[in-house]
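First up is the structure itself, then whatever we jot down about it.
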Amino acid sequence: MKVDVIMPKMGESLQEGTILRWLKKVGDRVERDEMILEISTDKVDTEVPSPVAGVVVEIIAEENQTIPVGNVIARIETEDNAVVGSELQHKAPIPETTSTTETQKPKEDKEQPSFENVDSSNIVDVVMPKMGESLQEGTILRWLKKVGDRVERDEMILEISTDKVDTEVPSPVAGVVVEIIAEENQTVPVGATIAKISTSGTVSSVERKTFAIAQEIPKTASTKEEINVPSKQIKESETASQSREGKYFFSPVVRKIAKEEGISLDELRTIQGSGVDGRVTKDDLLKYIEYKKSRPEVVTSTKQLATTFEPSAASATEIAYSPPSIPTYGPDTEIIPMDRVRQLIAQHMVFSKQTSAHVTSIHEADVTGMVRFREKYKNEFERKEGFKLTFTPFFAKAAVEATRAYLRVNVSVDGTNIIQHKRVHLGIATALGDGNLIVPVIKNADALSLAGLARAIYDLSTRARTKKLNPDEIQGGTLTLTNVGTFGTLFGTPVINQPQTAILGVGAIQKRPVVKTIEEEDVVVVRYMAYVSLTYDHRVIDGMLAGLYLTELVRLLEAQNETTLVM
């Protein structure tokens, strides 16, 4: 039976992908989930696994060809009698210094983990969960259990991280962990097995050892024999031709561009990456290449270089783009590595500043009516709902109503197009216990009452702090609200949460003397006042629109009282 391999959908907004490289050719046998090609999209470069085990009988899409999502790019024959074109010629030759007997000898029993009283029919696979529609992989952050540990069903056994969220993964069954396949810091495709659990009662004499056993290489083999490639390929290994080289990871697109531009692996390592975990992205590499081509040469010739910088004969490029020296710190400092979430926040904030032209406008509101309303009904609300009524839902209610009045604030940018969002999906910036920040999104916030917004904010913020959010709940926002007043800040100029174009900042509520006109007389009275700020993308939102929005927001806030508010 022939099975179609199709161009996968790597994200909601992506409609096509480009074939970078076929890892298999017609006639090659593949296993299910074995990687068969590399693709590139506007969002990600990744490898695509085979949907079935069988033989590649047809490759339809060529390398460097861009294919719409869902189109057939290859076909695999799953029948056992499928013809394998040139299967034998791909087998690696046996080093001459190693005997056939030694090479084909099975691994000794001591390398295999032994489990007594384990019925293989009672082994349950733990797989990498799918944490969102557009997510295809996850990274193991930490194993909470080890081999031999007993676990209960739904007991947390590991922590994983994706591009959207960090979360804990529960055990699907009760039993004993008999094998851990994926190591910490390893990135694993969705659906791949990462551990095995035995459900058949007590497991005795469990070997508590690592299961990723490296294949031994004969010590008598020479360097060429060890890697089993000709000397020409040895030279090619010095270029950026592998996706991972030690701690460095280079995507297929980066490797392809580096190879075309003649950039060596050593040179690639010197580029400061802006991607996840410091990875070098396509944009990083293109900027580096542009830098090399545009900057003035340090010296005019290799001969001059050799005489100027004795005794080194390094190239002008290496002298001009040497990596920065590592700073040294004294004994009165502490180096704290950023965790994964903090790295993602840092990258997202820098990206936002580089993308949007940030401008902030500030207004102030008399929220006395709102404060008195909350004070009157907060105890009744808590008895009814089971949680406290904060000020954030009041500001959220005014924010979505003001946005409905000025929908041009509720937009995003796609190249030279303005994307107008007709519904308000309100992001609520939430501080976590570890000092990091996350922004869960209230979908269709403009359809909720004050009480509905309060419930949604409480639910999302609570689950955010306990790492129970689904990745889909932290994306799709069209406007963000951050209540900096919670920490006593009068007002702030927050960074826009891309791809949105506006973020509303709410400052602390304070009693202040203000001038009011009563019966045509100016009098000084004490009122509850709060500053509100709107940081917006000046590419698509002008000062007039921002001012009108803030004026409407203030009007709505000042109108909140027992007469206008409905729980």
Side-chain angles (χ1 to χ4, degrees), residues 11 13 41-45 134-135 139 161-166 187 247-251 253-254 257 268-292 294-295 321 323-327 335-360 411-415 419 427-432 434-441 464 471 474-482 484 489 492-505 533-541:
S13 62
T41 70
D42 291 339
K43 303 294 184 184
V44 68
D45 303 330
S134 62
L135 299 176
T139 300
S161 176
T162 70
D163 289 341
K164 302 296 184 183
V165 70
D166 294 345
T187 299
K247 68 177 181 179
Y248 298 94
F249 177 89
F250 304 112
S251 71
V253 166
V254 168
I257 296 174
L268 203 54
R269 287 171 177 161
T270 67
I271 301 174
Q272 182 65 43
S274 62
V276 177
D277 296 332
R279 292 179 182 177
V280 176
T281 66
K282 176 183 176 181
D283 287 342
D284 295 331
L285 181 55
L286 292 177
K287 288 177 181 177
Y288 171 73
I289 293 171
E290 183 181 359
Y291 163 80
K292 286 183 61 177
S294 63
R295 85 199 190 297
Y321 198 84
S325 59
I326 300 175
I335 299 174
I336 304 174
M338 291 185 184
D339 59 28
R340 180 179 173 83
V341 175
R342 178 49 58 183
Q343 291 180 46
L344 291 173
I345 292 172
Q347 292 158 14
H348 194 58
M349 294 299 97
V350 171
F351 171 73
S352 181
K353 281 290 190 177
Q354 293 174 341
T355 301
S356 296
H358 282 61
V359 179
T360 301
V411 300
S412 56
V413 180
D414 182 10
I419 310 302
I428 302 293
T430 304
L432 303 179
D434 58 6
N436 289 321
L437 188 74
I438 197 168
V439 186
V441 177
I474 58 173
Q475 53 188 334
T478 59
L479 177 75
T480 292
L481 183 149
T482 177
V484 298
T489 303
T493 58
V495 178
I496 297 169
N497 185 19
Q498 297 293 329
Q500 300 167 28
T501 55
I503 180 170
L504 181 68
S533 65
L534 185 73
T535 298
Y536 49 97
D537 187 341
H538 215 329
R539 294 179 302 168
V540 292
I541 299 176

**OP:** For the pair Ile438 and Ile474, evaluate side-chain contact (heavy atoms from CB on, under 4.5 Å) and give the outcome as yes or no after the intermediate values.
**Re:** CA-CA 8 Å; Ile438 197 168; Ile474 58 173; 4.0 Å; yes

Subject >> Closest heavy-atom pair and its distance - Leu504, Ser533 >> reply: CD1-O, 3.2 Å

Subject >> Close side-chain approach of Pro440 and Thr430, heavy atoms under 4.5 Å >> reply: yes

Original post:
Does Thr535 reach the main-chain N or O of Pro494 with its side chain, forming a donor-acceptor pair under 3.5 Å?
Top reply: yes

Original post:
Looking only at heavy atoms, what is the nearest atom pair of Val359 and His538, with distance?
Top reply: CG2-CD2, 3.2 Å

Original post:
Are Ile503 and Leu479 close enough that some pair of their side-chain heavy atoms sits under 4.5 Å apart?
Top reply: no

Original post:
Should Ile428 and Val439 be marked as a side-chain contact (heavy atoms from CB on, under 4.5 Å) after you check the CA-CA gap, both sets of side-chain angles, and the distance that decides it?
Top reply: CA-CA 5 Å; Ile428 302 293; Val439 186; 5.8 Å; no

**OP:** Could you check if a side-chain atom of Val411 sits within less than 4.5 angstrom of a side-chain atom of Ile419, using non-hydrogen atoms only?
**Re:** no

**OP:** Taking the side chain as every heavy atom from C-beta outward, state whether Leu534 and Thr360 have any pair of such atoms under 4.5 Å apart.
**Re:** no

Subject >> Beyond-backbone contact of Leu437 with Leu432, side-chain heavy atoms, under 4.5 angstrom >> reply: no

Original post:
Which atoms form the tightest heavy-atom contact between Ala357 and Asp537, and what is the distance?
Top reply: N-OD1, 3.4 Å

**OP:** Grab the two heavy atoms, one from Gln498 and one from Ser352, that are nearest each other, plus how far apart they are.
**Re:** NE2-OG, 3.1 Å

Subject >> For Ala429 against Thr480, the heavy-atom pair lying closest together >> reply: N-CG2, 4.4 Å

Subject >> Nearest non-hydrogen partners of Ala502 and Ile496, listed with the distance >> reply: N-CG2, 4.1 Å

Subject >> Residue pair Thr478, Gln500: steps toward the side-chain hydrogen bond (donor to acceptor under 3.5 Å, both in side chains) verdict >> reply: CA-CA 6 Å; Thr478 59; Gln500 300 167 28; over 6 Å; no

Subject >> Arg342 side chain to Gly435 backbone, donor-acceptor under 3.5 Å >> reply: yes

Original post:
Between Val495 and His348, is any pair of side-chain heavy atoms under 4.5 Å apart?
Top reply: no

